[in-house]
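Quick notes on the structure that follows.
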Number of protein chains: 2
Amino acid sequence: MADTIDNDEDGVWLYCSNSAIRRAARQLGQLYDDAMGDSGLKGTQFSLLSQIRLLGAPSLKTLANAMVMDLSALGHTLKPLLRDGLVELVPDEQDRRVKRVRLTPVGRAKQKEVATRWKEAQRRFDEVFGEDRSAELRRTLALISSPEFAKAFATTGSDPS
Amino acid sequence: MADTIDNDEDGVWLYCSNSAIRRAARQLGQLYDDAMGDSGLKGTQFSLLSQIRLLGAPSLKTLANAMVMDLSALGHTLKPLLRDGLVELVPDEQDRRVKRVRLTPVGRAKQKEVATRWKEAQRRFDEVFGEDRSAELRRTLALISSPEFAKAFATTGSDPS
DNA sequence: TCTAGATAGTGGCATATGCCAGTAAATCAA
DNA sequence: TTGATTTACTGGCATATGCCACTATCTAGA
């Protein structure tokens with residue numbers, strides 16, 4: 001019982017937006033991953049499959065930009081999905097530097113299958129957090145994720161170049 | 001130019017709160033890490049140092065709970081900080097299972113030094129996003145990170161046990 | 001056309017995070 | 001007191017992410 005007092009009242013997350021968002025991301029990741037259960041996919045992987053499905057057959061660069069993810073990070077994250085045959089890389093016809101990602105039939109089926117679980121998780125989130133508030137939060141987060149925001153952040157205050 | 005059209009309008013992050021928050025976390029992580037510059041610390045590490053400083057000499061369990069982080073994950077994340085002599089583990093007197101983490105003098109100095117950079121990043125965030133809105137966002141994220149939220153999420157809807 | 005510079009990916013290395021199995025220590029119960 | 005159970009960590013394995021260096025292409029300019 002020693003530590004039970006746990007001065008949880010105070011924490012960096014109350015002052016630091018970066019800490020706050022990472023902390024919440026860990027929690028939510030936990031919750032959604034649990035919801036994915038034994039499907040064999042993590043929340044991140046499901047997001048990736050879904051976004052690929054949405055874009056059709058985007059180049060790695062395009063997908064990375066959409067996910068606000070480093071290109072090489074995307075490459076690494078895709079590895080397990082490639083290994084398991086859920087996605088495949090096809091060289092672009094016009095530009096031979098480019099590789100496009102797309103779902104395999106298996107990947108397409110898997111995405112659809114797991115979507116049911118995801119919907120349930122999202123439903124729970126909306127129910128607990130509030131549907132409108134939930135939508136608003138996603139808009140806010142999308143704003144923070146935008147290149148315009150990054151640019152503004154980088155140039156605000158100093159830097160009169 | 002092929003891909004320039006980039007149908008950025010649509011994305012899973014508009015529907016999935018988990019995707020949305022992870023995406024924003026990546027962006028913000030990027031921004032804060034850039035701000036940390038050559039300090040040698042990543043945003044995550046600075047958060048950890050700051051939280052340890054705030055709690056004094058918490059047990060790993062206590063710190064993990066506060067950060068909403070898996071105990072073993074915390075252990076791993078602490079490795080580089082231990083290696084670099086910024087933090088140290090001291091066995092608890094009463095309970096020999098427990099180890100407490102605390103900043104070393106070097107760690108304390110480093111935290112203080114980097115805090116300047118962090119403040120600038122936070123200032124930029126507040127300036128671009130809005131100070132009040134920023135504070136409100138942190139409160140919202142803290143709510144999502146709370147054990148009460150997790151419990152509500154886990155029991156909402158079904159599960160009448 | 002040939003070369004300098006820009007682009008898209010890949011592979012290696014390092015940190016961030018989580019799960020699971022295993023160990024040591026404390027606690028509870030008979 | 002002692003055996004069953006719980007608790008706090010550790011170590012191994014796997015995914016998530018990012019940086020940097022390097023390669024293959026493509027593009028623009030001389």
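Below, chain A is the first sequence line, B the second, and so on; all start at residue 1.
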Interface with DNA chain D, restricted to residues 137-150 of chain A and to heavy atoms under 4.0 Å: none
Gap separating the OG1 atom of B:Thr104 from the CG atom of B:Leu82, nearest 0.5 angstrom: 9.5 Å
Separation between NE2 of B:His76 and CE of B:Met69, rounded to the nearest 0.5 Å: 12.0 Å
Residues forming a side chain to side chain donor-acceptor pair (under 3.5 Å) with B:Asp95, sequence neighbours excluded: B:Arg97
Contact state string [nucleotides 4-11 of chain D, B base, S sugar-phosphate only, - no protein heavy atom under 4.0 Å]: ---BSBSB
Under 3.5 Å: donor-acceptor pair, side chain of B:Asp33, backbone of B:Lys42: no
Atom-to-atom span, CG of A:Asp92 to C1' of D:dA24 - whole angstrom: 14 Å
A:Val68 vs A:Gln94, nearer the 5' end of DNA chain D by closest nucleotide: A:Val68
Pairwise distance CG(A:Leu63) to CE(A:Met67) - rounded to 0.5 angstrom: 6.5 Å
Under 3.5 Å donor-acceptor, A:Asp84 side chain and A:Leu86 backbone: no
Global bending angle along the helix from C:dT1-D:dA30 to C:dA30-D:dT1, which compares the axes of five pairs at either end, to 10 degrees: 10°
Under 3.5 Å: donor-acceptor pair, side chain of B:Thr156, backbone of B:Phe153: no
Electrostatic pair B:Arg117:B:Asp38 at N-O distance under 4.0 angstrom: yes
Atom pair CG/CD1 of A:Leu78 and A:Ile52 - distance to nearest 0.5 Å: 5.5 Å
Charged N-O contact under 4.0 Å between B:Glu113 and B:Lys110: yes
Positional range of nucleotides in DNA chain C within the contact set of chain B, heavy-atom, under 4.0 Å: C:dT15 to C:dA26
A:Asp33 vs B:Asp84, nearer the 5' end of DNA chain C by closest nucleotide: B:Asp84
Donor-acceptor contact present, side-chain B:Arg100 to main-chain B:Val90, <3.5 Å: no
Under 3.5 Å, which donor-acceptor pairs do the side chains of residues 144-151 of chain B form with other protein atoms, sequence neighbours left out?
unit_1   : atom_1 : unit_2   : atom_2 : d
B:Ser145 : OG     : A:Ala24  : N      : 3.4
B:Ser145 : OG     : B:Leu141 : O      : 2.6
B:Ser146 : OG     : B:Leu143 : O      : 2.7
B:Ser146 : OG     : B:Phe149 : N      : 3.2

Interatomic spacing from OG in B:Ser50 to OH in A:Tyr15 - rounded to 0.5 Å: 11.5 Å
